[in-house]
There are 2 protein chains.
Amino acid sequence: MAPDENGYVQPVVNVPALTRLLDGEHAIVRDRVRGALIEHSGLLAEADELSKDAYRDRVLEVVRATAEDGLTSYHVPKEYGGSGDFGAAVAAFETTAFGDLSALVKTGVQFGLFGGAILNLGTQPHHDAWLADMAAARLLGCFAMTETGHGSNVQELGTTATYDATTQEFIISTPDDSARKDYIGNAARHAELATVFAQLIVTSPDGQPQNHGVHCLVVPIRAKGKVLPGVRIEDCGPKMGLNGVDNGRIWFDDVRVPRTNLLNRFADVSEDGVYSSEIENPNRRFFTMLGTLVMGRVCVGGAGISASKVALTIATRYATKRRQFSTSEGEPEQLLLDYGMHQRRLFPLLARTYALHFAQDSLRQRFDDVFSGRADDERTRRGLESRAAGIKALGTWHATRTIQECREACGGAGYLAANRFTALKADTDVFTTFEGDNHVLLQLVAKGLLTDYSSEFSDMDQFELVKFVAGMAVEQVVERTMAHKLLERLKDVLPGGDDSWDQEAGLLSPAYQLSMLRFREEHMLAGVAKRLKRGIDSGMPSGEVFSRVQDHVIAVANAHVERLILDAFVGRFAAMPQGDNRVALGLLCDLFALTTIEADRAWFMEHNRLTTNRSKAISREINDLCRKLRPIAVDLVDAFGIPEELLRSEALLR
Amino acid sequence: MAPDENGYVQPVVNVPALTRLLDGEHAIVRDRVRGALIEHSGLLAEADELSKDAYRDRVLEVVRATAEDGLTSYHVPKEYGGSGDFGAAVAAFETTAFGDLSALVKTGVQFGLFGGAILNLGTQPHHDAWLADMAAARLLGCFAMTETGHGSNVQELGTTATYDATTQEFIISTPDDSARKDYIGNAARHAELATVFAQLIVTSPDGQPQNHGVHCLVVPIRAKGKVLPGVRIEDCGPKMGLNGVDNGRIWFDDVRVPRTNLLNRFADVSEDGVYSSEIENPNRRFFTMLGTLVMGRVCVGGAGISASKVALTIATRYATKRRQFSTSEGEPEQLLLDYGMHQRRLFPLLARTYALHFAQDSLRQRFDDVFSGRADDERTRRGLESRAAGIKALGTWHATRTIQECREACGGAGYLAANRFTALKADTDVFTTFEGDNHVLLQLVAKGLLTDYSSEFSDMDQFELVKFVAGMAVEQVVERTMAHKLLERLKDVLPGGDDSWDQEAGLLSPAYQLSMLRFREEHMLAGVAKRLKRGIDSGMPSGEVFSRVQDHVIAVANAHVERLILDAFVGRFAAMPQGDNRVALGLLCDLFALTTIEADRAWFMEHNRLTTNRSKAISREINDLCRKLRPIAVDLVDAFGIPEELLRSEALLR
C-alpha cells in the first residue's frame, strides 16, 4: 500500500504468523488442546440443556478424556505420567479456557490444586501413593482450604488437626459452622480425597498442646461414591456460573487419618509427637507453603485473558457484520465497527488483551524458571508470587470488564445463551474472587514493593507492614524500590534532561510511555510510604492508618502491575523482526500505553507530568490509532486462534 | 452528639422518616406492592429450582395475582379497571423491581408495552375491545417491534402491513429472516395478541403502492394456547437472565387482520384505501408515535435504580457482619466496612443511587404531568423523552456497575445463587440494551441539546443532525442551549466574578458543584458543535464526521444527564427541613457531586477549571465524607425499605 501524508503505511497482517508468535514456545501443546476442545465443543450447548447433576457428570467425562489425552498434567513429573513441564501446564490451561469454563475449573481443581498440593507440599511417599492416579483422573480429589468464615485470611482458619500420639493419628475437626470448608470444587459429588488445611496442634511428649499454624493433610472423604463416616458434605447449590463444578461444604467430626497423611515437605511430626520444621518462623513457613501453590494464580489470570479473547473475537466480528442506521438516503446502513464510539469501546480492550498476553508470557516463563529449579532463590520466588498476584488481579478484572462491554456491543443477541456471553460472563465472574480476592492480592503486591521483598517480608501482616514502613525513612523505601536507578535511566533515554523529558518526547515513543508509568509507580510508592509514616508518627492506630491509606496502596500496586505489563509488551515488540505484523503490534502497544496514561491522566496532571495540551493530544492520538486499527481488527482477533466451533455464535456472526 | 473540632455533628438517621421521604407521594402504592412482593417472595428461590416452562408459568401466576390486586395497571383509565394515574404506575413498577425481575419484565411487557401500545396508539374502539381484559391479565399480549435485523433503527423495520381494499384487511408479512420479530417477551408461550410494528403500505384508489412508514397493528397470534395459521413462533431459548419471561421470534406469512386493527390515533386508512394523518411529516409522525411509548424507558431506568438498592443493601449489611484480618495480635478481626477501600468502593455508589432516585422522582413527575395532560406541549414532550432516555441510560449502567461491585464485595458468598446477586446480575444485564441501547439513547439526548428540541428536531436522523449543526454558527448552538444565561447565573451565585468562581467557592457548596457540572456541559456542547462544523466545512462526508465526533457526542449527553441528576438532588436537599436526615442527605449529595467531578477531574484540569491542588483536595474531601458516612451506612440502605424477605441472603447477613 502507498504511504499516507505522514508516511504511514497500513499494515497487512499475516494471521498465521501472528498466531505463531502468540502461541510461542508451547504452540504444539496449545494446538493439541485446541483439538480436544473442538472434539468436546458440544459441551458448550449441552451446558444449557442438561440438569445440574448430568452437566456435572458430563464435565467430569470431558475432564477425564482430556486427562487421558495427556493434556492436564504437564506439571506432574514424568515418573507419574506427566511431563515435568510447568510452563506447558500453564499454556495448556490458558488454551483450555477458550472452551467450557466448568471443565476448565474442574481441571484446575483436580490437577492444579489437589494434585499441586500433593506434589508441592508432599514428599515421595505421598507422590508414590497418589500422583499417578491423580494425573490419570482415576483418583479424584478436592482442595479444602477456604472456610465460610475465612477466605482471604487463611492463617486464621478454624479447622484443627490434633495429633494423637497414642494411635499416631491426626484428628480432623470442624469446631463450628464458620470453620466448615466452603465453596470446595469437586467436593459435592466426585472427590474421594481432600487436601485439608488445618491448624496443626501437637502436644509434645513433655508439654502443652501447641498450635503450629496451618498445615495440609490428606483426608479421605468418600469411597465408592459414598461419603465416609465422620465427614458431612453439603452441596453449595446453584451458583451464578460454573454449575458444571460440584462445589460443596465439608464438616469433619473427629476424622482420624494416619500421621503420614501430613504433607510433610516443610514440616513434620514424629511418631512420638515432636514437631519439626526447617523454617523456624511460623509466618514464613506458612507463606512458603502457600507460595508453592502459586500455579493456581498464574493459571486463573491466564484464563481471564483467554476469556477476554473469546469475547473480543465475537464482538469484533459481529461489528463487521451488523449494520445499523444509514449515513445518507439510499446508502446501505453503516457497519457498527465504522462508528468511532464502537472502536473506542472495543479497541482499547483489544490492546490491553494483547498487552496482558505478553505479560502472562513473561510470568509463565518466570514461573517455569522457578519451578523447574533454574532460578529458585527466595527473592525470585517472592517476586514471582507478587507478579502472579498482580497479573491475576488485573487479568481477571479485565475479563469482567471486557466481557461486559462486548456483550453490550452485541446488543440483544449477546443476551441469548446460544451465543457465548451468558456463560462467559457468569463463569468468569468469580475469577476476581477465587485464588485470592483481587484487592487482597494487590495489597500483597504493594507489600512487596514497600519492603522490596526484604527478609522480613514474609513475616508481616498488613498492620505490621504499616509499622515497618513507618520505621524507615521515606528515602529508604524509595531507594529500596530502585527509584533512583530508574530516574537515572530516564535521563539517559530521554531528551532534554531531567525536568522536561515528559514534554519533549513523542507520544508514540516507548521510552516516553514507559517513563510515564515508571514515574507514576515510584511517585505513588513514595507517597504511600510518607502517608503511612505520617499516620503512625501522629499516633494513629496502625489499623486506622492502613484503612486511610488503603486506596493509595491499591493504586500503587495497580500502577506497578501496569508498568510491568507495558514493559513486557514493549520488550516483545522491540524484539520482533521488521514487517507488517510488527507495525500492527506497534499500534496495539501504543494504544495500550496511551489509553493507560489517558485513564489516569488526571494523576499525571496533578503531578505536573502532563500539560493540559499534551493530555488532549493523547486523546486525539488514541482516536487516530483506533482508525488505523479498524481495517485489521478482525485479523487481530483471528490471530488468537480460537477454533470456530467454540465461538458458538452462528446466528450472531453469519 | 458533641460536635468535632470542625463543628460537625454526626447525624442520627431517622430511618422511617427517610423511607417516607424516598417513597414520596406514592407511598401507599409502594407499600401495597411491598406487601405483594412479600406474599410472592418464594418466587426468588423457585427461580433456581423450576424447569424453564414451570418457571415461566409460575411467573405468569404471580403477574396475574398482582394484576388482580390492582397493582399493575395504575396507568389504565378507570373505566377499564385502572386508576388513570401514570405516576403511580411508574412508582409501582419501581417497587416491583425489588423482587423477581422476570415477574417485573413480564409485567412491563403485558401492561406497559402491549397495554401501552393499545392505550396510547389506539382509539376508543380499541380501548373498548381490549383494555379491560388486558388490565385484568385475562388477555395476554406482546409488543412486536424489534426484529433480528433492526433494534435501534426501528424506522427501517422489514415487516410489512399491506392494505387490501378489496377485503378491507391488512396483510402482515415477514419478507425475510432479518425481518422476523425477535426477543419478543410473552411471545413464546403466553401471548394471544401482538401489537405489531410494520411498514404500512397502501395503494390509494388511483395510484401506486406507497410506504407510509412504521405503524402499529393488533394481530392475533394464538388462540386457546395454539398458534394461529400463518404465524410461526420460535422460542429464543435460554438467556443470560430473565428466564421466567418467554421471549420468542415471530414470522408472519400473509396474515390478514381487519382494517380496524390499525391503531389509528395518529394515522388511518379509509375503507377505500386513502391514507390520512394529522402529522404530515413522516419522520415526525414516527417519532410522535414512539414518544407515546416513553413509559417503558421511564420504568426501566427506575428498575435499574431499584436493583442497585437491593445490591447495596446486601453488600453494606454484609460488610458490617463480615470480619477479615485483625489489626493487632489478640484483637478481633476488622469489619470489612471499616476498611477505607471498602468504603470507597460502596459509598460513592450509594450516593449515586440516592442521586438517581431523586432524578427519577423528578422524571416520574414530568411524565405524569405530560400524560395526565397537565403539561402536554410538543416541546415538553421532547424534553421528557430526552430525560427519560438519559436517566434510563445512566440508571441502567449504574445498576450493572453497582451489582458487580457489590457481588465482588461479598466475595465467594456473593457468587451463590442462594444470595441475590446471581439473579440481579443476570436479569439486569439486558437493561442497558432493551428499551433502547444506552449509547443510542445518549445520542438522542445530545441531539436534543444540539437542536434545542427545535421544530426540525424530530425530522432528523443522526447524519442530518450533523449537517444541521454545521449549518449554524457555533454561538447559535450555545445560545440555544441557554449557555449564556447559565454563565450569567454563575456570576450571580458565586463569589469572585467570572474568572475565579471555581477557585474560591467551598468544595461543599452546592452552587460550586452545580456550576462545575454546568460549565462542563456547556463547554462540551460548544466543542461538539465546533467539531461537527469543522468536519463538514473541511468536506468530510457526514457519516465520517459523526463517527469521529461520536465519543464527544456521548460525553456531552452524559455530562448533561449528570448535571440534571445533581440538580434534582440539590433541589430536594434544599427543600428539606433542618435536622439529622438533612445532614445525612447532605453528605450523600456532596459525595455524589464530588465523586462525579473527581471521575472527570482530568477534563476539568484540561479546561482550566480545576487546579491540581484543588483536585487533590477533592479526593481528600471524598475520603472524609466516606468516613462520616460509615456510621450511618446501614441506616441509609435500610431506608430504601426493601422487605427482608426479598434480600434472600440469610447466610450472608447473619
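By convention in this document, chain letters (A, B, ...) are assigned in the order of the sequence lines, proteins followed by strands, and residues within each chain are numbered from 1.
- Contact of A:A423 with chain B is not made at all, since no heavy-atom distance falls under 4.5 Å.
- Neither the backbone nor the side chain of A:K52 comes within contact range of chain B; no heavy atoms are under 4.5 Å apart.
- With 3.5 Å as the limit, one finds a donor-acceptor pair spanning the side chains of B:E598 and B:S619.
- Both the backbone and the side chain of A:L416 have a heavy atom closer than 4.5 Å to some heavy atom of chain B.
- Between chain B and the residues A:D429, A:T612, A:D551, A:N613, the most heavy-atom pairs under 4.5 angstrom are made by A:D429.
- When the ring pair (Phe, Tyr, Trp, His ring centres under 6.0 Å) test is applied to A:Y55, no partner is found at least two apart in sequence or on another chain.
- Side-chain contact between A:Q443 and B:M341 is absent, with no heavy-atom pair separated by less than 4.5 Å.
- Interface residue A:N623: only side-chain heavy atoms are found under 4.5 Å from chain B.
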Applying side chain to side chain contact (heavy atoms under 4.5 Å, CB included), run through B:L610 and B:I618 and close with a yes or a no. CA-CA 10 Å; B:L610 197 59; B:I618 285 176; 3.8 Å; yes
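- When heavy atoms are compared at a cutoff of 4.5 Å, A:D338 approaches chain B solely by way of its backbone atoms N, CA, C and O.
- The residue among A:K239, A:H607, A:E331 with the most heavy atom pairs within less than 4.5 Å of chain B is A:K239.
- Applying the salt bridge (Lys or Arg N to Asp or Glu O under 4.0 Å) rule to B:E544 yields the partners B:R548; only residues at least two apart in sequence or on another chain are considered.
- At a 4.5 Å heavy-atom cutoff, the contact between A:H150 and chain B is made by backbone and side-chain atoms alike.
- Chosen from B:T422, B:N153, B:D48, the residue pairing most often with chain A at heavy-atom distances under 4.5 Å is B:N153.
- In this structure, a donor-acceptor pair under 3.5 Å is present between the side chains of B:S615 and A:E606.
- With salt bridges taken as basic N to acidic carboxylate O contacts below 4.0 Å, one links B:R249 and B:E234.
- Judged purely by atom type and a 3.5 angstrom limit, A:N419 has no side-chain atom pairing as donor or acceptor with the backbone of A:Y415.
- Side chain of B:N247 to main chain of B:C236: no donor-acceptor pair is present (N/O by atom type, distance under 3.5 Å, no hydrogens or angles).
- Contact annotation for B:S542: only side-chain heavy atoms (C-beta onward) come within less than 4.5 Å of a heavy atom of chain A.
- Taking chain B as the reference chain and counting heavy-atom pairs below 4.5 Å, the highest number among A:A413, A:G149, A:S51, A:G151 is found for A:G149.
- Note: A:H439 leads A:E49, A:R323, A:H552, A:H439 in heavy-atom pairs under 4.5 Å with chain B.
- With a threshold of 4.5 angstrom between heavy atoms, A:F421 approaches chain B through its backbone and through its side chain.
- With B:R648 contributing its side chain and B:A417 its backbone, the two residues share a donor-acceptor pair below 3.5 Å.
- Ranked by heavy-atom pairs under 4.5 Å with chain A, the list B:G543, B:A426, B:G241 is led by B:G241.
- Only the side chain of A:E333 comes within less than 4.5 Å of a heavy atom in chain B; its backbone stays farther off.
- The two atoms that bring B:S326 and B:P332 nearest to each other are CB-O, 3.7 Å, heavy atoms only.
- Using a 4.5 Å cut-off between heavy atoms, A:Y183 touches chain B through its side chain atoms alone.
- Taking chain A as the reference chain and counting heavy-atom pairs below 4.5 Å, the highest number among B:T400, B:T433, B:L242, B:N243 is found for B:T433.
- In this structure, the portion of B:D437 lying under 4.5 Å from any heavy atom of chain A is its side chain and not its backbone.
- Not a single donor-acceptor pair under 3.5 Å links the side chain of A:T428 to the backbone N or O of A:F431.
- Options A:C626, A:S152, A:G411 differ in how many heavy-atom pairs under 4.5 Å they form with chain B, and the most are formed by A:S152.
- Heavy atoms of A:E408 lying under 4.5 Å from chain B belong to its backbone as well as its side chain.
- In terms of heavy-atom pairs under 4.5 angstrom with chain B, the leader among A:Q404, A:R407, A:Q343, A:Q334 is A:R407.
- What you find for A:V553 and A:A446 is that their closest heavy atoms are CG1-CB, 3.4 Å.
- Of the two parts of A:T146, neither the backbone nor the side chain holds a non-hydrogen atom closer than 4.5 Å to a non-hydrogen atom of chain B.
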